[in-house]
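Working notes for the structure below.
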Protein chains: 2
Amino acid sequence: MDCQPANCCGARVDCAGCEARPLALCGALKAADVQVMGSIAYPRKLDAGKQLIHEGDPADDVFTLTDGMLKLYKLMPDGRRQITGFMIPGDFIGLAYGQSYVYSAEAVTPSTACRFRRSALLDKMAEYPELEHRLLSLASNELAAAQAQMLLLGRKSARERLASFLLGLASRRGVGEGDAMPLPMSRSDIADFLGLTIETVSRAFTVMRKERLISLPDKHSVIIDDHDALRDAAGD
Amino acid sequence: MDCQPANCCGARVDCAGCEARPLALCGALKAADVQVMGSIAYPRKLDAGKQLIHEGDPADDVFTLTDGMLKLYKLMPDGRRQITGFMIPGDFIGLAYGQSYVYSAEAVTPSTACRFRRSALLDKMAEYPELEHRLLSLASNELAAAQAQMLLLGRKSARERLASFLLGLASRRGVGEGDAMPLPMSRSDIADFLGLTIETVSRAFTVMRKERLISLPDKHSVIIDDHDALRDAAGD
DNA sequence: CGTAATGTTGACTTCAGTCAAAGGATGTGG
DNA sequence: CCACATCCTTTGACTGAAGTCAACATTACG
């Protein structure tokens with residue numbers, strides 16, 4: 001995966017075995033950090049549907065996603081699932097969440113993640129404070145996103161949730177009005193992210209399509225046809 | 001406010017004007033950090049219902065809560081509100097959330113917060129990496145709590161939400177089975193935290209009381225009578 | 001006290017969930 | 001290349017948990 005202009009810092013580091021491509025730490029880390037991280041990076045390739053981390057396992061590794069898409073989720077004993085986020089290239093997974101992972105991560109599409117031993121990362125953070133500063137800034141952004149998602153889950157209607165979701169994805173991906181946006185996750189994943197059922201998600205898509213807010217060229221792409229109207233539909 | 005044994009690091013620092021009491025940075029900061037912070041701390045007292053920070057305002061200050069309780073919340077243009085958390089003494093408010101606050105904070109009870117200029121904090125973080133390390137660890141814990149709340153809001157029933165809320169409060173406060181736990185927030189605050197209406201919260205309280213899981217000596221205290229049963233009711 | 005704010009309860013409504021069936025896409029083996 | 005199987009998605013009919021509206025009770029407070 002190459003750096004996207006929108007979120008790229010220009011920094012690269014060779015990641016042993018990542019198909020001989022340099023690891024592009026888009027958005028996540030700056031040049032100085034990357035030089036630090038380079039020495040401790042290991043690649044991991046994942047087929048779609050494969051789990052990268054399991055909730056409850058010892059949190060020995062952290063990752064940067066370099067290609068593909070991951071979903072992070074929590075499960076209840078009876079199988080109910082809440083997806084807490086979709087990760088795209090440049091995102092950091094497994095920040096310093098204590099001793100164990102507090103969520104699971106699974107590939108939505110075939111993905112490549114670069115793995116770092118947590119202990120090595122901690123050593124490097126002690127050595128290079130700028131790295132820690134950057135991680136704090138990432139954590140702050142994640143926290144702000146989590147709070148926005150709490151508002152969505154606690155107070156928005158099904159229609160508002162779907163509109164917010166599409167706008168958020170488009171903004172992260174830098175996709176504009178009229179452009180086809182890939183939607184690699186299933187309806188079930190979208191439902192579990194938005195706190196809805198697949199049927200409700202499907203119906204909301206259909207309504208928005210009939211209202212000409214969006215087009216659905218196929219199940220795994222969307223086009224936002226009327227960005228302003230979609231903003232109105234999102235409720236804020 | 002004195003340090004609670006459960007979450008106290010023993011560190012104190014004189015905070016100019018905090019009623020001549022030392023600022024007890026319980027839980028949030030360690031001794032070394034406190035010496036650093038002492039030089040830039042200013043107190044602020046708040047009556048119940050008074051706002052400490054407003055969503056959208058320039059994020060010039062950060063705070064540690066030393067006494068009382070705050071609620072953090074986000075509003076929609078039509079007035080719908082989602083409370084994203086209740087802060088208790090020792091909590092840090094306003095971490096490095098970019099240029100503007102992404103939520104508002106308001107006192108639930110009369111409260112005292114110690115204010116730090118963000119710019120001074122940033123300088124001190126650059127100077128004392130251990131301070132930044134501690135803030136990253138706080139941010140990670142907040143993130144884990146936010147993810148648990150997403151599961152609650154997206155997938156739990158009203159009964160499960162209330163049970164989870166009471167267990168979470170009791171655990172943070174170190175309150176055990178049979179002990180009266182203060183519940184300073186209104187039913188409306190609880191509803192806006194749990195993504196419910198006040199009527200649904202009230203009904204769920206009544207059902208749990210009738211089932212003898214809890215007692216309600218008055219509107220602003222709860223006793224957990226059957227911790228195990230409440231855990232079952234929480235769904236996980 | 002008396003008044004306003006907060007909390008509880010009841011009756012009814014509604015939005016999203018459940019259950020069911022059919023339509024499309026994807027993939028495998030003959 | 002097609003037949004078949006499986007999975008995912010859409011749509012429809014119905015249900016139900018929580019929301020809304022309303023009345024009343026209780027509490028807090030000037």
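Just so you know, these numbers come straight off a predicted model, no measurement behind them. Basis for what follows: all heavy atoms, side chains included, without hydrogens, waters or symmetry-related copies. Every chain is numbered from 1, with letters handed out A, B, ... down the list of sequences.
For the pair B/D189 CG and C/dG7 P, the computed distance is 8 Å after rounding to whole Å. To the nearest angstrom, C1' of C/dC15 lies 16 Å from CG of A/L162. When rounded to the nearest whole Å, the span between CZ of A/R159 and P of C/dA16 equals 11 Å. We find that CG of A/L194 is positioned 19 Å from P of C/dC15, with the value rounded to whole Å. One interatomic measurement links the two molecules: CG of A/L183 to P of D/dC8, which rounds to 15 Å at whole-angstrom precision. Look at CG on B/D78: it is 11 Å from P on D/dT20, rounded to the nearest Å. Between the NZ atom of B/K156 and the C1' atom of D/dA18 there is a distance of 18 Å, given to the nearest Å.
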Please tabulate, for the side chains in residues 195-202 of chain A, all donor-acceptor contacts under 3.5 angstrom to protein atoms that are two or more places apart in sequence or on a different chain.
residue: A/T197; atom: OG1; partner: A/T200; partner atom: N; Å: 3.3
residue: A/T197; atom: OG1; partner: A/T200; partner atom: OG1; Å: 3.1

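No salt bridge links B/D192 with B/R80; every basic N to acidic carboxylate O contact stays at or beyond 4.0 Å. Here A/D225 does not pair with A/R212 in a salt bridge; the nearest charged N to carboxylate O distance is not below 4.0 Å. One finds no salt bridge joining A/E106 and A/K50 here, because no Lys/Arg side-chain nitrogen approaches an Asp/Glu carboxylate oxygen to under 4.0 Å. A salt bridge links B/K71 to B/D189: one of the charged nitrogens lies within less than 4.0 Å of a carboxylate oxygen. Using a 4.0 Å cut-off between charged nitrogen and carboxylate oxygen, A/D91 and A/R172 count as a salt-bridge pair.
Ranking C/dT8, D/dA18, D/dT9 by closeness to the A/S186 side chain, first place goes to D/dT9.
Counting heavy atoms from C-beta outward, B/L183 and B/L166 have side chains that approach closer than 4.5 Å.
For an aromatic pair to be called close, the ring centres must be under 6.0 Å apart, and A/F193 with A/F165 satisfies this.
The stretch residues 196-212 of chain A comes close to DNA chain C through A/L196, A/T197, A/E199, A/T200, A/R203, each having a heavy atom under 4.0 Å from the strand.
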Scan nucleotides 25-30 of chain D nucleotide by nucleotide, 5' to 3', and note B when protein non-hydrogen atoms come under 4.0 Å of the base, S if they reach only the sugar-phosphate, - if neither.
--S---

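Each of A/L216 and A/R155 was matched to the nucleotide of DNA chain D holding its nearest heavy atom; the match closer to the 5' end belongs to A/L216.
Judged by the 6.0 Å distance and 45° axis criteria, B/R115 is not positioned over the aromatic ring of B/F63.
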